[in-house]
Number of protein chains: 2
Amino acid sequence: MEESLKRSDDTKAKLIDAAGHVFAQRGYPSTTVREICGRAGTPVGAVNYHFRNKQGLYVAVLEHSMQSAFAKYPLQYGIEGEATPEEKLRAFIHSFLLRILDEGVPAWHMKLVNQEISDPAGAFDHMMEACIRPTYEYLRGILCEMLEEENVEEGRESDLVFLCATSIAGQCLYHFMGRNVIAALRPESFNPADIGRIAEHITEFTLRGIRKPGEQGERHRKEAHGTASAR
Amino acid sequence: MEESLKRSDDTKAKLIDAAGHVFAQRGYPSTTVREICGRAGTPVGAVNYHFRNKQGLYVAVLEHSMQSAFAKYPLQYGIEGEATPEEKLRAFIHSFLLRILDEGVPAWHMKLVNQEISDPAGAFDHMMEACIRPTYEYLRGILCEMLEEENVEEGRESDLVFLCATSIAGQCLYHFMGRNVIAALRPESFNPADIGRIAEHITEFTLRGIRKPGEQGERHRKEAHGTASAR
DNA sequence: ACAAAAATTGAACAATTGTTCAATACAAGC
DNA sequence: GCTTGTATTGAACAATTGTTCAATTTTTGT
């Protein structure tokens, strides 16, 4: 019983691993179950036997990807005990980039998630609840704290908080989504080893970019540049 | 002669329009030439006759998309005569968002370009040279001016300029690439009518985020991080 | 008006797809 | 060791794909 179960799970694992590579490389529609099975060394029927069909395997792969990426880089990665909102934001951005750019964690884990974001193939809703919404809620908490908004508990954050969250997510994700463009514009930089530098830039850029509603009016129009930001 | 040419071009235009809709909706691999031809009211052989094959039609569609989008919103959209770098940046961000989010210009135009960015299907290099690199060069010019870098003419901008450019592009593009996520997190906002507000946020966020190298030291930490700038 | 040439069409084709299910291998009970 | 029940396999299948090319229509030259 233990033997058979182990064998079955082993085949499943091999399929998920092989499928992850192929799905991430070719995208869902261009991936054939034959290529997956060839790579995994299983018969073609195995996919339909273990996962009902191609779609079922895809959902299982995505589930595994999310769990795996968040197991290695949890939301609070780099935070221990108390921390200021600024420190939390710095850690959030760094771990976010690691999650999507680190080649150490099987490279396809977050590749698939991002693929599903820009071009859903059947697992979008599940991914939303299991992975994206919790991440957003965590970031929202940090931003509400920084902007001194009180409605952290309720889901009624201001437009400003939401727009800042998209600014942060956009800056990070572009280093993944636009990786082909970045590589074409600047072939020499950046390799995965530069994640720290990228995180540093985005953090500084963002910390300056965020501004509390009443803090300071428009300053970029006609007046002089010299205005140093208070606080 | 005029008649035949006109007829041929008319069929080509119908095919490009139909193909644009379908390619943008389903992606390249999932699109069938039969669906395109059905939509365009042409026989199945027409694609191979007029464009050699499916791939040829795809390239033609992308070419048409880029020309069309930049014809409606040119790089200098919103700028007349002299303008400060800040005003240029504001206009750049606004027109960039319009180009990718405006539903007025056939919605699939930039959808395809972004699809090709995150998942190339054979026209990446051409798109890079015809559309993305010029856009980047224009933005680079603005940023070099703001950051008072002198090497505007040469292609040797600093890492800071490049990272700021990716921060801007990322913030803008996420409103397109992550549109499904944004719609799921906040079903009530934002509709295309809000492009102005989004542009305003990104501009202000970015103007604060950009900082001249010597302008002001790190202010959010006790110390600067180890590697400031290698290479 | 007629013939020659070029443009256009769509039925047929070979290749590939996801899925099935009878045949096989394997384990458990006695 | 044999029988029964379950797990696994892979050849066969129907559906769909992009592409072809002989047949047909349309245009051109005289």
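Quick note on labels: first sequence line is chain A, next is B, and so on, each numbered from 1.
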Visitor: Tell me, please, which residues at least two apart from Y136(A) pass ring pair (Phe, Tyr, Trp, His ring centres under 6.0 Å).
Guide: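 For Y136(A) the ring pair (Phe, Tyr, Trp, His ring centres under 6.0 Å) partners, ignoring immediate neighbours, are F162(A).
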Visitor: Applying side chain to side chain contact (heavy atoms under 4.5 Å, CB included), name anything that partners N48(A), two or more places apart in sequence or on another chain.
Guide: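 Result, side chain to side chain contact (heavy atoms under 4.5 Å, CB included) vs N48(A): N53(A).
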Visitor: Please report, to 0.1 Å, the donor-acceptor pairs under 3.5 Å made by any side chain of residues 65-72 of chain B, with sequence neighbours excluded.
Guide:
unit_1: S65(B); atom_1: OG; unit_2: V61(B); atom_2: O; d: 3.0
unit_1: Q67(B); atom_1: NE2; unit_2: E63(B); atom_2: OE2; d: 2.9
unit_1: S68(B); atom_1: OG; unit_2: H109(B); atom_2: ND1; d: 3.2

Visitor: Mind checking what makes side chain to side chain contact (heavy atoms under 4.5 Å, CB included) contact with R34(A), not counting sequence neighbours?
Guide: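 If we apply the side chain to side chain contact (heavy atoms under 4.5 Å, CB included) test to R34(A), skipping adjacent residues, the hits are T32(A), V44(A).
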Visitor: How are the rings of F96(A) and F92(A) set to each other: parallel, tilted or perpendicular (split at 30° and 60°)?
Guide: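 The arrangement is tilted - the two ring planes meet at 30° to 60°.
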Visitor: Tell me, with the steps shown, if T206(B) and S167(B) meet side-chain contact (heavy atoms from CB on, under 4.5 Å).
Guide: CA-CA 8 Å; T206(B) 299; S167(B) 283; over 6 Å; no
Visitor: Could you tell me how far apart H50(B) (NE2) and dT19(D) (P) are, to the nearest whole angstrom?
Guide: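 Rounded to whole Å, this separation is 15 Å.
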Visitor: Measure CZ/R52(A) against P/dT8(D) and give the value in whole Å, please.
Guide: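 Roughly 18 Å, once rounded to whole Å.
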Visitor: Between the protein and nucleotides 16-18 of chain C, list every N/O to N/O distance that falls short of 3.5 Å.
Guide:
unit_1: dG18(C); atom_1: OP1; unit_2: T31(A); atom_2: O; d: 3.0
unit_1: dG18(C); atom_1: OP1; unit_2: K54(A); atom_2: NZ; d: 3.1
unit_1: dG18(C); atom_1: OP2; unit_2: V33(A); atom_2: N; d: 3.1
unit_1: dG18(C); atom_1: N7; unit_2: R34(A); atom_2: NH1; d: 2.8
unit_1: dG18(C); atom_1: O6; unit_2: R34(A); atom_2: NH2; d: 3.0

Visitor: Under 30°, 30 to 60°, or over 60°: which ring-plane class applies to H201(B) and F205(B), parallel, tilted or perpendicular?
Guide: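 The rings of H201(B) and F205(B) sit tilted, inter-plane angle from 30° to 60°.
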Visitor: Taking the side chain as every heavy atom from C-beta outward, state whether F23(B) and Y58(B) have any atom pair closer than 4.5 Å.
Guide: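 Yes, at least one pair of side-chain atoms sits under 4.5 Å.
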Visitor: Give the angle between the helix axes at the two ends of the helix from dC2(C)-dG29(D) to dC30(C)-dG1(D), taking five base pairs at each end and rounding to 10°.
Guide: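 It comes to 10° between the two terminal axes.
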Visitor: Write down the distance between CG (D10(B)) and C1' (dT8(C)), rounded to a whole number of angstrom.
Guide: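 Computing the D10(B):CG to dT8(C):C1' distance gives 14 Å.
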Visitor: Roughly, in whole Å, what's the span from OH in Y49(B) to P in dA23(D)?
Guide: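 Roughly 18 Å, once rounded to whole Å.
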